[in-house]
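Written out below as structure tokens is the structure these notes cover.
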Amino acid sequence: MVKENLKGRSFLTLKDFTAEEIEYFIDLAAELKAKKKQGILGQSLKGKNIALIFEKPSTRTRCSFTIGCIDEGGHPEYLGSDDIQLGYKESVEDTARVLGRMFDGIEFRGFSQENVEKLAKYSGVPVWNGLTDEYHPTQILADFLTMKEHFGYLKGLNFVYAGDGRNNMANSLMIGSAKMGVNFTIIAPKSLWPTDELVELCKGYAKESGATITLSDEVSAVKGADVIYTDVWCSMGEEDKAAERIALLSPYQVNKAMMDSTGKDTTIFLHCLPAVKGKEVTEEVFESAQSHVFDEAENRMHTIKAVMVATLGNY
Ligand code: CP
Ligand code: NVA
């Protein structure tokens, strides 16, 4: 039932998916990963053409969509912001209708969440959000696959996000955690907390899953964390905020003292990458045995492949 329900769907934010559907993406990714390690690739995207629209740069997401698509027999086509005139010379609605006539699926990375939603509405094909200012939903699948591989389960884990608590990563991690029963804490200065509206929505999901949602400006709230996560202090497009963010966020840097103050020697460190070492995380933690950031980066590919296969593939 879950499998059939996902066919033809867009992947715009985790708000649109149930816990069972999110679990399905993660487990399918694990299955595709295991097969690839044995040299077995599928053909579920054979004959499918996939547009990859990138208004912002990317290493992991671009490569994951490209390789994931080719591994399954599909054809990816990269469309950078200098290649098409999305939103300035041609409206998003018109571009969507043109691409929808030619492509079977569209990935979009850019600024506005409204634009990825418009692409989905007007193209008539599955659209996958490869990051907007508001959300980065495919990243959460990779993070949760990494946690599931490491701990064996997700429900009941204590997850602490330290840093810019109102960016795309914090928003999407809070939604995903609330849905999946992961206890979620943000430690950040109050001025960088997520919107009340999103917190209330997530508290509703959390009630159903049994998760807790905590916002704190105290670093001591890392106590009991199984996972400590951070992201850059200035997201793409916010480079002019560097001085302000360094002043606000320096006390929330993930360093050895913070890792030690969880009271657990099993705490792991995750980061969506790219990282600015010496700012949101020290080199020491990044390079430590507690850091699983490169498993996490690899898992972008397996999870993004799973999203394409589940929503578009003959699988
Ligand atoms: N984590 C992530 O989305 O990386 P890229 O910006 O390299 O795609
Ligand atoms: N918050 C970061 C995430 C990068 C994957 C950004 O938007 O730049």
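Please read all numbers here as calculations on a predicted model, not as lab measurements. We count ligands from 1, going down the list as the structure has it; atoms in each ligand are counted the same way.
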**Prompt:** Would you call D133-K56 a salt bridge at under 4.0 Å N-O?
**Reply:** yes
**Prompt:** Is the shortest side-chain N to carboxylate O distance from R166 to E238 below 4.0 Å?
**Reply:**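 So R166 pairs with E238 through a salt bridge.
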**Message:** Given R60, R62, R109, identify the one with the heavy atom nearest to atom 6 (O) of ligand 1.
**Reply:**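 Nearest heavy atom to atom 6 (O) of ligand 1 lies in R109.
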**Prompt:** Below 4.0 Å from any atom of ligand 1, is there a heavy atom belonging to K56?
**Reply:** no
**Request:** State if L131 counts as touching ligand 1 under the rule of any non-hydrogen atom under 4.0 Å.
**Result:** no
**Message:** Please list, in number order, the atoms of ligand 1 under 4.0 Å from a heavy atom of H136.
**Reply:** 2 (C), 3 (O)
Among all protein non-hydrogen atoms, which one is nearest to [atom], and what is the separation to 0.1 Å?
atom                   : result
atom 7 (O) of ligand 2 : N168 ND2, 2.9 Å
atom 2 (C) of ligand 1 : R300 NH1, 3.1 Å
atom 7 (O) of ligand 1 : T59 N, 2.7 Å
atom 3 (C) of ligand 2 : D231 OD2, 3.6 Å
atom 8 (O) of ligand 2 : M236 N, 2.8 Å

Number the atoms of ligand 2 from 1 as they appear, then name those within less than 4.0 Å of a heavy atom of [X], with their elements.
X    : result
L131 : 3 (C), 4 (C), 5 (C), 7 (O)
N167 : 1 (N)
L273 : 5 (C)

**Prompt:** Passes side chain to side chain contact (heavy atoms under 4.5 Å, CB included), Y252 versus V219? Steps please.
**Reply:** CA-CA 7 Å; Y252 301 89; V219 173; 4.0 Å; yes
Report yes or no: do [X] and [Y] form a side-chain donor-acceptor pair below 3.5 Å?
X    : Y    : answer
E280 : H271 : yes
S81  : E55  : no
D143 : Y229 : yes

**Request:** Provide the closest heavy-atom pair for G47 versus D104 in the form atom of the first, atom of the second, distance.
**Result:** O-OD2, 3.8 Å
**Prompt:** Minimum heavy-atom separation for A275 to F286, with atom names?
**Reply:** CB-CE1, 3.7 Å
**Complete:** When H136, Q113, E134 are each screened for side-chain hydrogen bond (donor to acceptor under 3.5 Å, both in side chains) with N129, the one that passes is Q113
**Asked** Could an N or O of ligand 1 be found under 3.5 Å from any N or O of P274, whether backbone or side chain?
**Response**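 It does not: no N or O of P274 is found under 3.5 Å from an N or O of ligand 1.
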**Polar proximity ligand 2 side, S235 side, N/O cut 3.5 Å exclusive** =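 Between S235 and ligand 2, an N or O pair is found under 3.5 Å apart.
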